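For the numbers below, each heavy atom of this structure counts, side chains included, while hydrogens, waters and symmetry mates do not. All of these numbers come straight from a predicted model, not from anything done at the bench. The chain is numbered in sequence order, starting from 1.
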Amino acid sequence: MNFKMMGRFVGKILLVEAVFMVPAMLISLWEKEYASVIAFLWSLVAVMVAAALLLLLCRGSRNQFYAKEGLACVGICWIVMSLLGCLPFYLSGAIPSFIDAFFEIVSGFTTTGSSILPEVESLPKGILYWRSFSHWLGGMGVLVFLLAVSSVGGGDSGFTMHLLRAESPGPNVGKLVPRMRKTASILYKLYIILTIINVIFLLLGGMNLFEALCTAFGTAGTGGFGVRNDSIASYSPYIQNVCTVFMLLFGINFTCYYLLLLRQFKNVLLDEELRLYLGLTVGSIVLITLNLKGVYATLGETLRQVSFQVVSIITSTGYATADFDLWPGFSKAILLSLMIVGACAGSTGGGFKCGRALLVIKSLRRSVRQVVHPQKVQVVRVNGQPVGESILQNTNAYLAAYLIIILLSFLLISVDGFSITTNISAVLTCFNNIGPGFEMVGPTCNFSAYSTFSKLVLIMDMLAGRLEIFPILILFSGSTWRHR
């Protein structure tokens, strides 16, 4: 293991975190929230000292970086970043319990949106900003940001791809252009442009700048932390519709936007994952609208509420305009299914991903055909291109790990004695980075009732879900830390 190289990366990530804490501190200073200012100052000191020590101790590191270093480095970065990132919550007294503060910031960075806070409107604005901005920073990935804005050493010799693959969501990550730094830069430019457009539309709807920024951060990162206790429910229909559209856009693979810039419209229209994603969204909206007949006053109101919740769930954003826990069982079953499937690979959305679901379906169909025609060579194709066996094996391994982790987590948190529906939805919503679940963790509730042990389990679920499982599993594998 190249520990020095890994330490250097962690140090650089902490510097990025420190830079992004500064605007939150300045907002606290502007609002005369002096307790928050002091909390941010002490947090900045802690982050900067940790970064300086790591960079000092890891000078002269070799640029050799293998797959396991990349996976382990990403896992460590996210855990360390979260441990230090929660300090403003804890030191300011906004969240008195360190574990609760850790839960909240992990939920932010992983774009989950699950919260232990019973209400948020009384929180200092600087704390609210940092809480929402954590979604934006975690949505595209902080390591991707580092690759986009700085030279991390070693050129494009391979380890940058290991980092990008470890942090980016989806069954496979490729280069948009030959150089990985350029790829990361393109992704973040698209991310920033879409976020700015989102903010502009929210401002046109009458939102003030602070609320527009925080809401856009949650929408772009598909996170869901709001600045009002009722999430998005008290905003105008225009604001809700804007959020619906942009949540849907941020759930699309960013490669599609790059192809649109290259005017490869046909490739985008024929993209099988995009068609599955949009098909599931539209189909779910139609079915739930029919199921909710008579619940709302008009068809237009029903469509608006249903469209918002379906898009919010499938993209793993977690914003809410209605208490969908009160909807009929069939509607809740559809939402629960969408929690599992999730958005497109290469987006900021969570879940199993439409790309993986597509591969699983096609792989299953191939297995059935091989039983019928054992001598015939069956090739799995997506968008007309053959899919490598290594990707299919990785997808099958991910599915196995996905199911095992969900089952174990469900059993572990069940010791708290809550209902099966509460516990299974809590695990699914944290692991798939959704936000709200059902019953005690529904859209009008929170996760504060769970024990410290259960919160730690759910924290690991959020991290494993956001980092596509393997970086976290690698950290707990003994072979990772043995010398070659």
Side-chain angles (χ1 to χ4, degrees), residues 21 23-40 43 85-97 100-109 111-136 198-199 202-203 205-240 242-243 247 305 308-309 312 317-325 429 434-437 440-449:
M21 271 190 189
M25 184 182 69
L26 294 177
I27 290 173
S28 294
L29 188 62
W30 177 265
E31 295 291 333
K32 298 180 181 180
E33 299 162 349
Y34 297 120
S36 298
V37 173
I38 294 171
F40 277 113
S43 301
C86 74
L87 290 178
F89 296 157
Y90 179 63
L91 296 177
S92 68
I95 303 178
S97 164
D100 283 353
F102 186 42
F103 183 99
E104 198 75 9
I105 199 64
V106 169
S107 182
F109 282 137
T111 73
T112 303
S114 299
S115 180
I116 49 80
L117 294 169
E119 63 92 27
V120 297
E121 291 180 16
S122 63
L123 291 177
K125 282 194 173 182
I127 294 296
L128 277 177
Y129 178 89
W130 177 239
R131 181 173 176 262
S132 293
F133 185 77
S134 63
H135 283 330
W136 193 88
N198 190 6
V199 171
L202 292 172
L203 290 173
M207 266 191 173
N208 62 52
L209 181 60
F210 177 79
E211 290 190 347
L213 284 172
C214 290
T215 303
F217 291 152
T219 304
T222 60
F225 279 156
V227 295
R228 294 190 181 182
N229 294 332
D230 62 2
S231 189
I232 308 295
S234 59
Y235 289 110
S236 67
Y238 169 85
I239 294 292
Q240 294 175 8
V242 167
C243 290
M247 286 188 294
Q305 297 286 358
F308 187 97
Q309 293 308 150
S312 179
T317 306
Y319 281 143
T321 58
D323 187 0
F324 54 78
D325 199 28
T429 197
I434 305 296
M440 288 183 62
V441 292
T444 61
C445 305
N446 59 74
F447 286 71
S448 60

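Partners of F109 by ring-ring contact (aromatic ring centres under 6.0 Å, His included), not counting sequence neighbours: none found. Take D100 and apply the side-chain hydrogen bond (donor to acceptor under 3.5 Å, both in side chains) test, not counting sequence neighbours, and it matches K455. Considering only residues two or more places apart in sequence or on other chains, N446 meets the side chain to side chain contact (heavy atoms under 4.5 Å, CB included) condition with P118, S448. In this view, T111 satisfies the side-chain hydrogen bond (donor to acceptor under 3.5 Å, both in side chains) rule with no residue, not counting sequence neighbours. Residues forming a ring-ring contact (aromatic ring centres under 6.0 Å, His included) with F225 (at least two apart in sequence, or on another chain): H135. Scanning for side chain to side chain contact (heavy atoms under 4.5 Å, CB included) contacts around M440 gives F418, T422, A449, with sequence neighbours left out. In this view, A233 and D230 satisfy the side chain to side chain contact (heavy atoms under 4.5 Å, CB included) rule, not counting sequence neighbours. Taking the side-chain hydrogen bond (donor to acceptor under 3.5 Å, both in side chains) definition, one finds that T219 meets it with nothing, sequence neighbours left out. Every residue meeting the side chain to side chain contact (heavy atoms under 4.5 Å, CB included) condition with A24, not counting sequence neighbours, appears here in chain and number order: F40, Y129, W130.
Side-chain atoms of S115 and R131, non-hydrogen and from C-beta on, do get closer than 4.5 Å to each other. Counting heavy atoms from C-beta on, the side chains of I239 and L202 come closer than 4.5 Å. Residues T429 and F447 have side chains in contact (heavy-atom distance under 4.5 Å, counting atoms from C-beta outward). Side chains of C243 and T215 form a contact here, defined as non-hydrogen atoms less than 4.5 Å apart. When side chains are defined from C-beta on, L91 does not count as touching I38, because their heavy atoms never get closer than 4.5 Å.
No donor-acceptor pair under 3.5 Å is formed between the side chain of Q240 and the backbone N or O of T321. S107 places a side-chain N or O within donor-acceptor distance of the main-chain N or O of S114, the cut-off being under 3.5 Å.
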Steps toward side-chain contact (heavy atoms from CB on, under 4.5 Å) verdict (N198, V242): CA-CA 8 Å; N198 190 6; V242 167; 3.9 Å; yes
Apply side-chain contact (heavy atoms from CB on, under 4.5 Å) to V120 and L128, showing your working. CA-CA 8 Å; V120 297; L128 277 177; 4.2 Å; yes
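For F217 against S132, the heavy-atom pair with the smallest separation is CB-O, 3.4 Å. Listed here is the closest heavy atom pair of A39 and S43: O-OG, 2.7 Å. The shortest heavy-atom contact between S28 and G126 is OG-CA, 3.2 Å. Minimum interatomic distance between A216 and V199 (heavy atoms only, all atoms of both residues): CB-CG2, 3.5 Å. Of all heavy-atom pairs spanning P436 and G442, the tightest one is CB-C, 4.1 Å. Heavy-atom minimum distance, G437 versus P443: O-CD, 3.8 Å.
With rounding to the nearest 0.5 Å, the separation of CD1 in I232 from OG in S312 is 8.5 Å. In this structure, SG on C214 lies 9.0 Å from CG on L209, to the nearest 0.5 angstrom. Here the straight-line distance linking atom SG of C86 with atom CD1 of I105 works out to 7.5 Å at 0.5 Å rounding. Rounding to the nearest 0.5 angstrom, the gap separating the CD atom in Q305 from the CG atom in D323 is 11.0 Å. Atoms CZ and CH2, on F210 and W30 in that order, are 14.0 Å from each other to the nearest 0.5 Å. One distance of note links CD1 of I116 with CZ of F102; it measures 13.0 Å at 0.5 Å rounding.
Within 6.0 Å of OH in Y235 there are more than 12 heavy atoms belonging to other residues, nucleotides or ligands.
Counting only residues at least two apart or on different chains, the salt bridge (Lys or Arg N to Asp or Glu O under 4.0 Å) pairs with a member in residues 208-225 are E211-R228. Residues in residues 113-128 take part in no salt bridge (Lys or Arg N to Asp or Glu O under 4.0 Å) pair, two or more places apart or across chains. Within the structure, the salt bridge (Lys or Arg N to Asp or Glu O under 4.0 Å) test picks out no pair touching residues 85-97 (sequence neighbours left out).
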